[in-house]
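Worksheet: the structure to be examined is printed underneath.
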Amino acid sequence: MVEAVTSAARTAFGPDQIRAARPATVTRRMTAAVRRRRADLLVALAFAAFAAWLTHGLWPAPGTRVLALNPADQTLYEWFLALDARALRGELSLVSDRLNAPDGVNLMANTSVVALGVLLAPVTLAFGAPVTFALLVALNLAGTALAWYLLFTRVLRARPLAAGLGASLCGFGPGMVSQSNGHLHMTAQWLVPALVWLVVRLLRAADPAGRPDGPDGPDRRRMISSAAGLAAVVTVQVFVGEEVLFLTALTLAVMTLAYGLADRELLRRAGPGFARGLPGAAGLALLVLAYPLWVQFAGPQGVADGMFPPAYFSADLAGWTRLSALTVFGSPEAVRLTTGPAEFTTFLGWPLLLVAVGCAAWLGRRPLVVALVAGALVTAALALGPEVVVGGERTGLPGPYRLLAGLPVVDGALPMRFALAVLPLVGTVLTLAVHRALGESGRARRGVPIAVGAAVLSVLPTPLPTMDRPPLPEFVTGGHWRQCVRPGGVLVPVPTATPQTPWPMRWATATGVGFAMPEGFFIGPYGRGGSATMGTWQRPTSALLADVARRGVAPAVGDRQRRQAARDVEFWRASCVAVTDDAPHAEMLRRTLEQLFGRPGTRLADAWTWRF
């Protein structure tokens, strides 16, 4: 029968007609798929367009523009991206000798965004690290929002409007936009929804009630695949940003506990299997991460503690009720309630807080809502740090953070950044509320979406402030440095890079980190007892030259200074020392170097150089 139908078809439609029909079939299928995903595509385009608008100050020429509020951190991240791109040349290492020569820098102990740098290495090699940086600032915002949107629509089955409103807060909330001022490792949160989804998938697989038509007991195959996927995502996130992973894990732990207490029956059914699956995922991840984590904490240039004082980087309680200075309705006065423009992590404002509380109350005591509220309250409380501060004044009241202070790993997270976990929790509550309202009749159908939309608009961000980037010396851009530095050698810029003035690191970035540099901007073990510090101590010669650059006063140079300069050059294993015409007090620096080295420099383009 089948053969007869096939033969008749071939007789009625020749090969030409069949071939002509295939593209039409494909087109119809593609059109149907687009219609089914039209809302998703529109939301993705909207997120991408909004992220492009927020970062438009860096375009169309990122190489000539820089973030105005935090250019130092941008300099550091561009150097990391340029270094990470060398992985395509087979030069990937967790400890690099291209900075802080000759000791080097531990990339695992720094926010080196290795995964992002390797992923976008082709962009960096083709267009330069500034382009990659600008692209990532936008992609992190839009990608995080889109990832939460997909989680809301696929896992919570939320309507597109509800998911879009909630996800926009997750991706473009005050904390995310402020962290975009130089902190790529904090805004790259597009893997967090994947982690949440895999944890939920593992929980559902561990629940026998989830397979009523199948065999008794948990779905072991699905549990194994979920655990393996969770291990893979955790591994990648470690090389994107460990602080985000820590905040996610802590928040999920609180939510899991609260959910289990709210739904005792689910805890009884799925708890044992879920409790076995998580250690399995952790074990798989540790198989891959054991060596990198050893490098981070015990390897060369590794650090085992945090370097930022929790008391200083604590959220002001009053900040929760204010609007970020980086929002349309915010005030510049809000800056006094935080440590800097990159840390507006708590500034949700009264409108959003009141709407979020109202939505949570309206949704009732559903286990998921209870878990979301518990997670938000705990992380918000931890953000207050070891002592509660209100309006810039210390109250003497101990904060919940004191219960965690001093614990391993915890010290590496700034207290105020715990508030970043509140954004997606509030965004989820808003999504659930709007989704429920859209399914009802009466005032709630319109009132709730309008209230939520207005609350989200109250934290509407403004574009990131930018400014012109100082041009690089022709000594660097023209490749003249190659006449002075041996292949793989060390170039000493004068003055040397420091955490306060890291600008010479842009030289190396522009060359694809073609040479090493002494000192610089990084985290290293140069504190008391090997504790973490920002940067290293300056050698006597670099300190002397930095003083000349700062004051423009000729120093006393004698035999002692000359011998010290020779020792420092030998310590750095320097190929070349260079001072460019755009250095502060360049002429005085040139004369000082001539006295230190006992000979005049060689002119290369717009730089004076001394070879060794």
Side-chain angles (χ1 to χ4, degrees), residues 36-40 42-44 46-47 144-173 192-193 196-197 199-201 203-204 207 209-210 251-252 254-256 258-267 348-380 421-460:
R36 289 195 302 270
R37 302 301 182 200
R38 181 181 300 173
D40 296 350
L42 290 176
V43 169
F47 287 157
T144 298
L146 181 59
W148 281 108
Y149 170 83
L150 293 175
L151 181 77
F152 294 154
T153 55
R154 302 312 192 263
V155 177
L156 297 183
R157 303 296 182 186
R159 291 174 172 83
L161 176 61
L165 286 172
S168 64
L169 181 64
C170 298
F172 300 100
V192 173
V196 175
W197 170 66
V199 170
V200 172
R201 190 172 186 266
L203 176 63
R204 290 176 176 175
D207 184 7
T251 305
L252 285 174
V254 173
M255 291 183 64
T256 300
Y259 199 108
L261 294 176
D263 189 343
R264 301 293 182 89
E265 180 59 27
L266 176 64
L267 180 63
L348 300 185
W350 279 118
L352 183 56
L353 287 176
L354 291 176
V355 170
V357 171
C359 287
W362 182 59
L363 289 169
R365 299 186 61 182
R366 298 163 54 183
L368 178 56
V369 177
V370 171
L372 291 169
V373 171
L377 291 176
V378 169
T379 52
V422 176
L423 273 181
L425 298 174
V426 171
T428 307
V429 169
L430 299 183
T431 297
L432 293 171
V434 174
H435 174 76
R436 175 184 169 183
L438 293 175
E440 295 187 355
S441 59
R443 295 180 179 179
R445 181 175 178 83
R446 291 185 178 181
V448 173
I450 291 175
V452 170
V456 172
L457 283 176
S458 72
V459 293
L460 181 68

Please list every donor-acceptor pair under 3.5 Å in which a side-chain atom of residues 144-156 meets a protein atom from a residue at least two apart or in another chain.
from   : atom 1 : to     : atom 2 : distance (Å)
Thr144 : OG1    : Asn140 : O      : 2.6
Thr144 : OG1    : Thr187 : O      : 3.3
Thr144 : OG1    : Gln189 : N      : 3.3
Thr144 : OG1    : Trp190 : N      : 3.4
Tyr149 : OH     : Asp40  : OD1    : 2.8
Thr153 : OG1    : Tyr149 : O      : 3.0
Thr153 : OG1    : Leu150 : O      : 3.2
Arg154 : NH1    : Asp40  : OD2    : 3.4
Arg154 : NH2    : Asp40  : OD2    : 2.7

Show me the donor-acceptor pairs, under 3.5 Å and distance only, between side chains in residues 441-460 and residues at least two apart or in other chains.
from   : atom 1 : to     : atom 2 : distance (Å)
Arg445 : NH1    : Leu438 : O      : 2.2
Ser458 : OG     : Ala455 : O      : 2.5

In a table with atom names and distances, give each donor-acceptor pair under 3.5 Å that connects a side chain of residues 422-437 to protein atoms at least two apart or in another chain.
from   : atom 1 : to     : atom 2 : distance (Å)
Thr428 : OG1    : Pro424 : O      : 2.7
Thr431 : OG1    : Ala162 : O      : 3.4
Thr431 : OG1    : Gly427 : O      : 2.8
His435 : ND1    : Arg159 : N      : 3.1
His435 : ND1    : Arg159 : NH1    : 3.2
Arg436 : NE     : Glu440 : OE2    : 3.0
Arg436 : NH1    : Trp362 : O      : 2.7

For Tyr259 and Val370, run side-chain contact (heavy atoms from CB on, under 4.5 Å): C-alpha distance rounded to whole Å, both residues' side-chain angles, the deciding distance at 0.1 Å, then the answer. CA-CA 7 Å; Tyr259 199 108; Val370 171; over 6 Å; no

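The structure places CZ of Arg37 at 13.5 Å from CG of Leu42, a figure rounded to the nearest 0.5 Å.
Taking all atoms of both residues into account, the shortest heavy-atom contact from Phe47 to Gly164 is CZ-O, 4.0 Å. In terms of heavy atoms, Ala360 sits closest to Val369 at O-CG1, 3.9 Å.
The shortest distance between side-chain heavy atoms of Leu203 and Leu266 falls below 4.5 Å.
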